[in-house]
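The structure appears below as structure tokens.
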Amino acid sequence: MRKRLYALLAAGALLPLTALAVYAAVTRVDPNPQHAVGEQLDELNGVAIYYNGGVNSVQGRNLTRDGYNLGLRYQCVEFVKRYYFERHGHRMPDTYGHAKDFFDPTLSDGGLNAKRAMWQFANGGTMSPKADDLLVFAPSLRNRYGHVAIIASVGRDTLQIAQQNPGPFGSSRETLALSSREGRWYLGDGQVLGWLRLPSPSDAISDGQ
């Protein structure tokens, strides 16, 4: 009886590990024959957006000529870091981290995210999102790493994002609902943590801020 109980417990412990292994394998497979991994699908302000195949597929690390880490090809993080580097010459002090790590929940709204050298605004805060902001999505059951994208344009009650690696059948562009209530701005369906913004030339950024 005791041996049978141990066997059942062992089997129960193996089930989550087996599920994780299957998920990891499946999400590295490219199920979409319409595109090839590394194919350019879109561009935003001259910065290319590439097809990644399975969401956990990785095609090596992308480094600039002087060794600045842009991220793993062709993950969502690689696109946003490459976007700010190519378009604005912006280098993030912390060159690593999953998408979810781009939002620091310990900061007050409008505080300086020192790891990214960008101002950080919370979803539901007093600062409205703008084109060129970096949008951060929370982890989910299907994606434990979170997601990042660039805001391409902002309208009255919607905005459009540009993204890399939304899934093999996802679109590089997506529209999210935007609303304002009592001086606060709300974006999407609750998955958006907030947005980061490059400092303007007049902003004084120092290690002491």
Side-chain angles (χ1 to χ4, degrees), residues 14-65 67-88 92 95-103 129 131-155 158-178 187-193 195-196:
L14 285 174
L15 282 175
L17 295 176
T18 302
L20 285 174
V22 170
Y23 172 79
V26 168
T27 54
R28 283 172 171 78
V29 174
D30 180 11
N32 189 345
Q34 301 299 316
H35 299 290
V37 174
E39 173 187 348
Q40 182 173 337
L41 299 176
D42 196 355
E43 61 85 24
L44 178 64
N45 296 317
V47 180
I49 298 173
Y50 297 105
Y51 177 71
N52 191 53
V55 291
N56 286 328
S57 177
V58 171
Q59 307 301 318
R61 191 169 296 280
N62 188 6
L63 302 174
T64 64
R65 290 184 178 181
Y68 175 65
N69 173 39
L70 295 172
L72 298 171
R73 301 184 182 95
Y74 296 98
Q75 291 288 319
C76 59
V77 167
E78 189 269 347
F79 167 62
V80 299
K81 290 179 67 181
R82 179 164 46 82
Y83 178 86
Y84 286 113
F85 179 78
E86 292 184 3
R87 180 163 166 78
H88 299 286
M92 297 183 180
T95 65
Y96 291 88
H98 297 301
K100 64 181 181 180
D101 300 324
F102 276 60
F103 188 87
D132 245 18
D133 285 353
L134 189 165
L135 203 60
V136 188
F137 293 82
S140 64
L141 289 176
R142 293 184 301 170
N143 180 6
R144 59 192 176 123
Y145 301 115
H147 186 60
V148 286
I150 302 293
I151 298 178
S153 61
V154 179
T158 62
L159 60 72
Q160 185 188 73
I161 64 172
Q163 59 187 342
Q164 192 167 264
N165 196 30
F169 297 98
S171 172
S172 62
R173 302 292 176 124
E174 187 175 344
T175 299
L176 303 179
L178 176 65
L187 180 57
D189 58 2
Q191 279 297 109
V192 175
L193 294 173
W195 40 93
L196 277 61

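Between Leu72 and Glu78, the shortest heavy-atom distance links the atoms O-CB, 3.3 Å. Ile49 and Ser172 make their closest contact through CG2-CB, 4.1 Å (heavy atoms, listed as atom of the first residue, atom of the second, distance). The minimum heavy-atom distance linking Ala162 with Leu44 is given by the pair CB-CD2, 3.8 Å. Here the closest heavy-atom approach between residue Gln191 and residue Pro139 is recorded as NE2-O, 3.6 Å. The nearest pair of heavy atoms linking Gly146 to Ala99 is C-CB, 3.5 Å. For Arg82 against Ala48, the heavy-atom pair with the smallest separation is NH1-O, 2.8 Å.
The side chain to side chain donor-acceptor pair (under 3.5 Å) search around Asn165 returns Asn52, Gln75, not counting sequence neighbours. Remark: Thr175 pairs with Thr158 by the side chain to side chain contact (heavy atoms under 4.5 Å, CB included) rule, at least two apart or across chains. Checked against side chain to side chain donor-acceptor pair (under 3.5 Å), Asp101 has no partners two or more places apart in sequence or in another chain. Residues passing the side chain to side chain contact (heavy atoms under 4.5 Å, CB included) test with Ala131, sequence neighbours excluded: none. Checked against side chain to side chain contact (heavy atoms under 4.5 Å, CB included), Leu135 has the following partners two or more places apart in sequence or in another chain: Phe137, Ile151, Ile161, Leu176, Leu187, Val192, Trp195. Arg87 meets the salt bridge (charged side-chain N to carboxylate O under 4.0 Å, His left out) test with Asp132; sequence neighbours excluded. A search for side chain to side chain contact (heavy atoms under 4.5 Å, CB included) contacts involving Pro33 returns nothing, not counting sequence neighbours. For Arg173, the side chain to side chain donor-acceptor pair (under 3.5 Å) partners at least two apart in sequence or on another chain are Asp42, Gln160. Residues forming a side chain to side chain donor-acceptor pair (under 3.5 Å) with Glu86 (at least two apart in sequence, or on another chain): none.
Legend: ring-ring contact (aromatic ring centres under 6.0 Å, His included) pairs involving residues 29-48, not counting sequence neighbours, sorted by first then second residue: His35-Tyr51. Residue pairs meeting the salt bridge (charged side-chain N to carboxylate O under 4.0 Å, His left out) criterion with at least one member in residues 43-52: none, sequence neighbours excluded. The salt bridge (charged side-chain N to carboxylate O under 4.0 Å, His left out) analysis of residues 45-54, with sequence neighbours excluded, yields no pairs.
By the 4.5 Å heavy-atom criterion applied to side chains, Leu178 and Pro129 are counted as neighbours. Annotation: side chain of Asp133 is not in contact with side chain of Leu196 (no heavy-atom distance under 4.5 Å). Looking at Asn56 and Val58, their side chains never come closer than 4.5 Å, going by heavy atoms from C-beta outward. The side-chain heavy atoms of Ile150 and Tyr84, taken from C-beta on, include a pair separated by under 4.5 Å. The shortest distance between side-chain heavy atoms of Tyr50 and Gln164 falls below 4.5 Å.
A perpendicular orientation is assigned to the rings of Tyr83 and His88, their planes being inclined by more than 60° (bins at 30° and 60°).
One distance of note links CZ of Arg144 with NE2 of His98; it measures 7.5 Å at 0.5 Å rounding.
Between the Ser140 side chain and the Asn143 main chain, a donor and an acceptor come within less than 3.5 Å of each other.
The aromatic ring centroids of Phe79 and Tyr74 lie 6.0 Å or more from each other.
Taking the ring centre of Phe102 as origin, the terminal cationic atom of Lys81 falls outside the region bounded by 6.0 Å and 45° from the ring axis.
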